[in-house]
Chemist: 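Just dropping this structure here.
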Amino acid sequence: MALKIYNTLSRTKEEFQPLEPGKVRMYVCGPTVYDRAHIGHAMSAIVFDIIRRYLEYIGYEVRFVMNYTDVDDKIIERAKQLGIDPFALAQRYIDDYQRNLEALNVKPATLNPRATQEIDFIISMIQKLIDAGAAYVVDGDVYYRVESDPEYGKLSGRKLETMNAGARVQVDERKEHPMDFALWKAAKEGEPAWDSPWGKGRPGWHIECSAMNMHYLGEQIDIHGGGTDLIFPHHENEIAQTEALTHKPFARYWIHNGMLTFKSEKMSKSVGNMITIDEFLQKHPGDVMRLLVLNGSYRSPLTYSDEVLEQTEQAYRRLLSAKKPALPNAPGISPEKAQALAEAAQKAHAQFIESMDDDFNTAAAMAAIFELVKQINQARAEGATQAQLEPAQAMFNELTSVLGLQLQEQAGAQTSADPFIDLLVKVRNELRVQKNWALSDKIRDELKALGVILEDSKDGTTWSWE
RNA sequence: GGCGACGUGGCCAAGCGGCAAGGCAAGAGUCUGCAAAACUCUCAUCAUGGGUUCGAUUCCCAUCGUCGCCUCCA
């Protein structure tokens, strides 16, 4: 039994073998910070967070790098519109993004390099590409020469001959080949610029990722990730640039997440159908976003709608139900049944591993977890003590936390109200003893309106925040 | 136009050669003063048409439909 990963490069699932035993070098393309992040970004961040957490869970030491593209045309354009400094704009959205990631319980990367902090490294890399004949200079711009790479197109499955056939893009006549792409862009008046052997300018988009990879992870890495929309041209170009210098396979496994779709359409800024992460989190716990992702395959499009969201909210509540303690005054279940519960926990673990090992099949992994939820709830309903529930609940906590779920009941600020609620519950129970149903129901209804849920059982009453 | 992916119950979604996971919703029941929660039970032959096979949701071909990439994009 071993981990298998679907590799975009080979279009098959391959057994995972890192370059160095026990260690994983992983790079994920982060956002271009010119606007607030939407839930499509959240999906991607969560997908790779789950992959990273699982790799760590099965014992790998993961060096996880995610970059920020903090200089590009859109940032410059946006800053100009707003009349502010482009670097300040980028910084603001980087801060936003980090706050979003934290709220989504995405583990911080080992390193978050930025394009603007890698200029020297980028320039020296471009120079080497020119020296190697893989790039050329035109009027202060530097372009990568795609025809210098016989393997160009291997990731996206395209051929240079067929690519320009339907191209709708205005071809820059100065380029040797229409598909040649910019490594360095000459700066226009008033744009952020750095000195270079080719004049003032800034790096192109693709080269920064190649540079940061090489700088922080080395000439070869294990996993390179991003959304499917990055396969071409971004990742194709990264491969071309990097391999032109190293003559070695760049990333061993290319992993791409599917797009989040809203009303059958990809959610993106250009379509204008975006929901920001902030907007989402105002209405829902971060766990719900994560469950949305976990419900399906990371490689497939994720259907987003109000209906699906409601279903996910319900599933979230069901998961929470597994964490409830034993009933008050639980009499206990037979040793055989307690043993069966402990075995169910082991079985869930085995199924979880088996599923995750199969290209991170989170949907199947969740099925194993839901099965465990059922077993726990069943045992509790039959009167298991807390000690008897313990092993199964510990397993539940372990597995859900590997997936990055927090599953914390609402708590914290409300704690000062707790004694008063306890008091109301106590009073209400006296009313119930007196069979004063009208008043006791009223208390329950009004507490509900305040967000407190009362649940009566034959052994007593429990309450929780909604 | 080129390349690619997908089409599984009311909804979301695994599976991908041998009697179709899981979640939500729905219906019936247990428990409860009632309610809620939980528990029990019920609920699909896998877009359509051919083909390969002892046997196909799973492989092949065709058709219809949806989506992505080819331009910035997670």
Side-chain angles (χ1 to χ4, degrees), chain A residues 8 11 28-32 34-35 37-48 66 69 72-74 77 153 156-159 161-170 179 205 225-234 256-261 264-271 291-292 294-297 299-305 307-322 324 327 351 355 358 361-371 373-374 376-382 432 435-438 440-441 444-445 448 453-458 462 464:
Chain A
T8 307
R11 291 166 197 265
V28 174
C29 288
T32 299
Y34 71 99
D35 199 354
H38 58 70
I39 55 181
H41 293 108
M43 176 193 183
S44 189
I46 288 170
V47 163
F48 291 103
M66 188 201 77
T69 299
D72 93 326
D73 295 349
K74 289 202 168 181
E77 187 187 327
S156 55
R158 293 156 205 263
K159 301 226 178 301
E161 311 83 74
T162 61
M163 264 193 286
N164 33 10
R168 289 170 283 170
V169 213
Q170 280 254 334
M179 296 311 294
W205 177 34
T228 55
D229 53 354
L230 296 185
I231 294 173
F232 189 89
H234 187 53
H256 293 96
N257 66 277
M259 298 290 97
L260 187 146
T261 62
S264 295
E265 225 175 20
K266 173 182 158 186
M267 179 171 294
S268 72
K269 291 166 190 173
S270 43
V271 180
L291 280 173
L292 236 23
L294 289 166
N295 182 49
S297 161
R299 288 197 274 136
S300 301
L302 170 57
T303 307
Y304 186 89
S305 68
E307 189 178 8
V308 170
L309 195 52
E310 175 56 32
Q311 291 170 5
T312 308
E313 286 275 8
Q314 289 302 338
Y316 171 65
R317 292 194 189 106
R318 177 158 178 79
L319 286 177
L320 283 176
S321 74
K324 292 187 176 166
L327 298 173
Q351 280 184 9
S355 302
D358 182 17
N361 186 341
T362 55
M366 286 307 296
I369 289 174
F370 276 112
E371 187 55 38
V373 169
K374 185 195 231 175
I376 291 170
N377 286 341
Q378 198 173 48
R380 186 195 302 100
E382 285 172 1
R432 292 179 67 220
K435 299 199 190 300
N436 187 342
W437 308 127
S440 64
D441 287 355
R444 185 174 62 200
D445 291 345
K448 171 97 167 53
I453 310 286
L454 297 197
E455 290 177 6
D456 298 324
S457 77
K458 55 179 175 291
T462 59
S464 60

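Each chain gets a letter, A, B and so on, in the order its sequence line appears, and its residues count up from 1.
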Chemist: Could you state the atom-to-atom distance from CD of A:Glu310 to P of B:rA26 in whole Å?
Modeler: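 Spelled out: CD on A:Glu310 to P on B:rA26 is 10 Å.
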Chemist: For the atom pair CE (A:Met267) and OG1 (A:Thr261), what is the distance rounded to the nearest 0.5 Å?
Modeler: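 Spacing of CE (A:Met267) from OG1 (A:Thr261) equals 8.5 Å.
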Chemist: Rounding to the closest angstrom, what is the interatomic distance between B:rU48 and B:rG65 at atom C1'?
Modeler: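 The same atom, C1', in both gives a distance of 11 Å.
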Chemist: Starting at atom CD1 of A:Ile231, determine the distance to atom C1' of B:rC72, rounded to an integer number of angstrom.
Modeler: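 Atom CD1 in A:Ile231 sits about 16 Å away from atom C1' in B:rC72.
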Chemist: Using Watson-Crick or G-U wobble geometry with both distances under 3.5 Å, which nucleotide pairs with B:rC67?
Modeler: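 Matched B:rC67 with B:rG4 under the 3.5 Å cut-off.
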Chemist: Can you tell me how far the CG atom of A:Asp229 sits from the NE2 atom of A:His234, to the nearest 0.5 Å?
Modeler: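 Output value for this atom pair is 10.0 Å.
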Chemist: Tell me the partner of B:rC34, counting only Watson-Crick (N1-N3 plus N6-O4 or O6-N4) or G-U wobble (N1-O2 and O6-N3) with both under 3.5 Å; none if nothing fits.
Modeler: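 When the pairing criteria are applied, nothing turns out to pair with B:rC34, so the answer is none.
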Chemist: For B:rC69 versus B:rG55, give the span between their C1' atoms, rounded off to a whole number of Å.
Modeler: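 Taking atom C1' in both B:rC69 and B:rG55, they lie 39 Å apart.
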Chemist: Assign A:Gly225 to base, sugar-phosphate, or nothing according to its heavy-atom contacts below 4.0 angstrom with the strands shown.
Modeler: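 If one applies the 4.0 Å heavy-atom cut-off, A:Gly225 turns out to touch nothing in the nucleic acid.
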Chemist: A:Leu260 CG to B:rC6 P: how many Å, rounded?
Modeler: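 So the two atoms are 19 Å apart, to the nearest Å.
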Chemist: Only counting residues at least two apart or in another chain, list the ones meeting side-chain hydrogen bond (donor to acceptor under 3.5 Å, both in side chains) with A:Ser268.
Modeler: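 side-chain hydrogen bond (donor to acceptor under 3.5 Å, both in side chains) list for A:Ser268, sorted by chain: A:Ser270.
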Chemist: Dump every N/O contact between nucleotides 17-19 of chain B and the protein below 3.5 Å, one line per pair.
Modeler:
none

Chemist: Mind calculating the distance between CD (A:Glu313) and C1' (B:rA25) to the nearest angstrom?
Modeler: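 Those two atoms, CD and C1', are 15 Å apart.
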Chemist: Between C1' on B:rC72 and CD on A:Glu77, what's the gap in Å once rounded to a whole number?
Modeler: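 Result: 10 Å.
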Chemist: Considering only atom P, compute the distance from B:rC19 to B:rC24 and round it to an integer number of Å.
Modeler: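 Going atom to atom, P in each nucleotide, I get 26 Å.
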Chemist: Pick base, sugar-phosphate or nothing for A:His256, based on heavy-atom distances below 4.0 Å to the nucleic acid.
Modeler: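 No contact.
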Chemist: Just name whichever nucleotide pairs with B:rC59, Watson-Crick or G-U, keeping both distances under 3.5 Å, else none.
Modeler: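 Across all strands, the one nucleotide that pairs with B:rC59 is B:rG51.
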Chemist: Under the criterion side chain to side chain donor-acceptor pair (under 3.5 Å), I'd like the reasoning laid out for A:Glu310 against A:Gln314: C-alpha separation, chi angles, the key distance, then a yes or no.
Modeler: CA-CA 6 Å; A:Glu310 175 56 32; A:Gln314 289 302 338; 3.3 Å; yes
Chemist: The criterion is ring-ring contact (aromatic ring centres under 6.0 Å, His included); which residues satisfy it with A:Phe232, sequence neighbours excluded?
Modeler: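 A:Phe232: no ring-ring contact (aromatic ring centres under 6.0 Å, His included) contacts found.
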Chemist: Roughly, in whole Å, what's the span from CE in A:Met43 to P in B:rA74?
Modeler: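 Atom CE in A:Met43 sits about 14 Å away from atom P in B:rA74.
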Chemist: Rounding to an integer number of angstrom, what distance separates B:rU45 and B:rG29 when you compare their C1' atoms?
Modeler: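 The answer is 29 Å between these two C1' atoms.
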Chemist: Report, one pair per line, the protein and nucleotides 43-46 of chain B atoms (nitrogen or oxygen only) whose separation is under 3.5 Å.
Modeler:
none

Chemist: Identify, with sequence neighbours excluded, every residue that meets side chain to side chain contact (heavy atoms under 4.5 Å, CB included) alongside A:Asn295.
Modeler: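 For A:Asn295, no residue satisfies side chain to side chain contact (heavy atoms under 4.5 Å, CB included) once neighbours in sequence are set aside.
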Chemist: What is the distance, to the nearest angstrom, from the CZ atom on A:Phe232 to the P atom on B:rC69?
Modeler: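 After rounding, the gap between these two atoms is 13 Å.
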Chemist: Give me the atom names and distance for the closest heavy-atom approach of A:Gly227 to A:Met259.
Modeler: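 Heavy atoms only, the tightest pair is CA-CE, 3.8 Å.
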Chemist: Excluding sequence neighbours, so at least two apart, what forms side-chain hydrogen bond (donor to acceptor under 3.5 Å, both in side chains) with A:Thr8?
Modeler: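 Once residues adjacent in sequence are excluded, the partners of A:Thr8 under the side-chain hydrogen bond (donor to acceptor under 3.5 Å, both in side chains) criterion are A:His256.
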Chemist: Please enumerate all residues that pass side-chain hydrogen bond (donor to acceptor under 3.5 Å, both in side chains) together with A:Glu371, with sequence neighbours excluded.
Modeler: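 If we apply the side-chain hydrogen bond (donor to acceptor under 3.5 Å, both in side chains) test to A:Glu371, skipping adjacent residues, the hits are A:Gln375.
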Chemist: When rounded to the nearest 0.5 angstrom, what distance separates OG1 in A:Thr312 from CG in A:Leu292?
Modeler: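 With rounding to 0.5 Å, OG1 (A:Thr312) is 4.5 Å from CG (A:Leu292).
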Chemist: At under 4.0 Å between heavy atoms, what does A:Thr32 touch on the DNA or RNA strands: base, sugar-phosphate, or nothing?
Modeler: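 Here A:Thr32 touches the backbone only, sparing every base.
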Chemist: Reckon A:Leu230 touches a base, only the sugar-phosphate, or nothing at all at heavy-atom distances under 4.0 Å?
Modeler: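 Sugar-phosphate contact only - A:Leu230 comes under 4.0 Å of backbone atoms but never of a base.
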Chemist: Identify the two heavy atoms, one from A:Leu230 and one from A:Cys29, that lie closest to each other, and give their separation to 0.1 Å.
Modeler: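 The pair with the smallest heavy-atom distance is CD1-CB, 3.6 Å.
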Chemist: Polar atoms only, N or O, under 3.5 Å: list the protein pairs with nucleotides 13-15 of chain B and their distances.
Modeler:
| unit_1 | atom_1 | unit_2 | atom_2 | d |
| --- | --- | --- | --- | --- |
| B:rA13 | OP1 | A:Thr303 | OG1 | 2.9 |
| B:rA13 | O2' | A:Asn295 | O | 3.2 |
| B:rA14 | OP1 | A:Ser297 | N | 2.8 |
| B:rA14 | O3' | A:Asn361 | ND2 | 3.2 |
| B:rA14 | O2' | A:Asn361 | ND2 | 3.4 |
| B:rG15 | OP1 | A:Asn361 | ND2 | 3.4 |

Chemist: B:rC41 pairs with which nucleotide, Watson-Crick or G-U wobble, both distances below 3.5 Å?
Modeler: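 Per the H-bond distance test, B:rG27.
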Chemist: Would you please name every residue forming a salt bridge (charged side-chain N to carboxylate O under 4.0 Å, His left out) with A:Asp441, sequence neighbours left out?
Modeler: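 In terms of salt bridge (charged side-chain N to carboxylate O under 4.0 Å, His left out), with neighbours along the sequence ignored, A:Asp441 is linked to A:Arg444.
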Chemist: Restricting to side chain to side chain contact (heavy atoms under 4.5 Å, CB included), what partner residues turn up for A:Gln311, sequence neighbours left out?
Modeler: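 A:Glu307.
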Chemist: Under the rule for salt bridge (charged side-chain N to carboxylate O under 4.0 Å, His left out), what residues qualify as partners of A:Lys448, not counting sequence neighbours?
Modeler: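 A:Lys448 satisfies salt bridge (charged side-chain N to carboxylate O under 4.0 Å, His left out) with A:Glu466 once adjacent residues are dropped.
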Chemist: Pick base, sugar-phosphate or nothing for A:Ile369, based on heavy-atom distances below 4.0 Å to the nucleic acid.
Modeler: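 Result for A:Ile369 = nothing.
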Chemist: What distance, rounded to whole Å, do you find between the two C1' atoms, one in B:rG2 and one in B:rG15?
Modeler: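 To the nearest whole Å, 32 Å.
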Chemist: Just verifying a value: how many Å separate A:Asn377 CG and A:Lys324 NZ, rounded to the nearest 0.5 Å?
Modeler: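 So the gap between those two atoms works out to 8.0 Å.
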Chemist: Take A:Arg158 and A:Phe370, find for each the nucleotide of RNA chain B with the closest heavy atom, and name the residue whose nucleotide sits nearer the 5' end.
Modeler: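 Residue closer to the 5' terminus by nearest nucleotide: A:Phe370.
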Chemist: If B:rC19 has a Watson-Crick or G-U wobble mate with both distances under 3.5 Å, name it; if not, just say none.
Modeler: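 Answer to the pairing question: none, since B:rC19 forms no Watson-Crick or G-U pair.
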Chemist: Of the options B:rA25, B:rA74, B:rA21, whose atoms approach the side-chain atoms of A:Gln314 most closely?
Modeler: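 So the nucleotide nearest the side chain must be B:rA25.
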Chemist: With rounding to the closest Å, how many angstrom separate the P atoms on B:rC67 and B:rU8?
Modeler: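 Taking atom P in both B:rC67 and B:rU8, they lie 14 Å apart.
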Chemist: Could you give the distance from CZ (A:Arg318) to CD1 (A:Ile369), rounded to the nearest 0.5 Å?
Modeler: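 Atom-to-atom, A:Arg318:CZ and A:Ile369:CD1 are 12.5 Å apart.
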Chemist: Summarise protein proximity over nucleotides 30-40 of chain B in one line of letters, 5' to 3': B for base, S for sugar-phosphate only, - for none, counting protein heavy atoms closer than 4.0 Å.
Modeler: ---BBBBSSSS
Chemist: Do A:Glu307 and B:rC11 have a side chain to base donor-acceptor pair shorter than 3.5 Å?
Modeler: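 Flag unset: no donor-acceptor pair detected.
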Chemist: Look up atom CE in A:Met366 and atom CG in A:Asn361, then write down how far apart they are to the nearest 0.5 Å.
Modeler: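 Going from the CE atom of A:Met366 to the CG atom of A:Asn361 covers 12.0 Å.
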Chemist: Just how far, in rounded Å, is C1' of B:rC69 from CD of A:Glu265?
Modeler: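 Taking atom C1' of B:rC69 as the reference, CD of A:Glu265 is at 15 Å.
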Chemist: In whole Å, measure the gap between the C1' atoms of B:rC61 and B:rU52 for me.
Modeler: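 My reading of the C1' atoms in B:rC61 and B:rU52 gives 11 Å.
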Chemist: Could you give the distance separating B:rG10 and B:rU42 at their C1' atoms, to the nearest angstrom?
Modeler: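 Those two atoms are separated by 16 Å.
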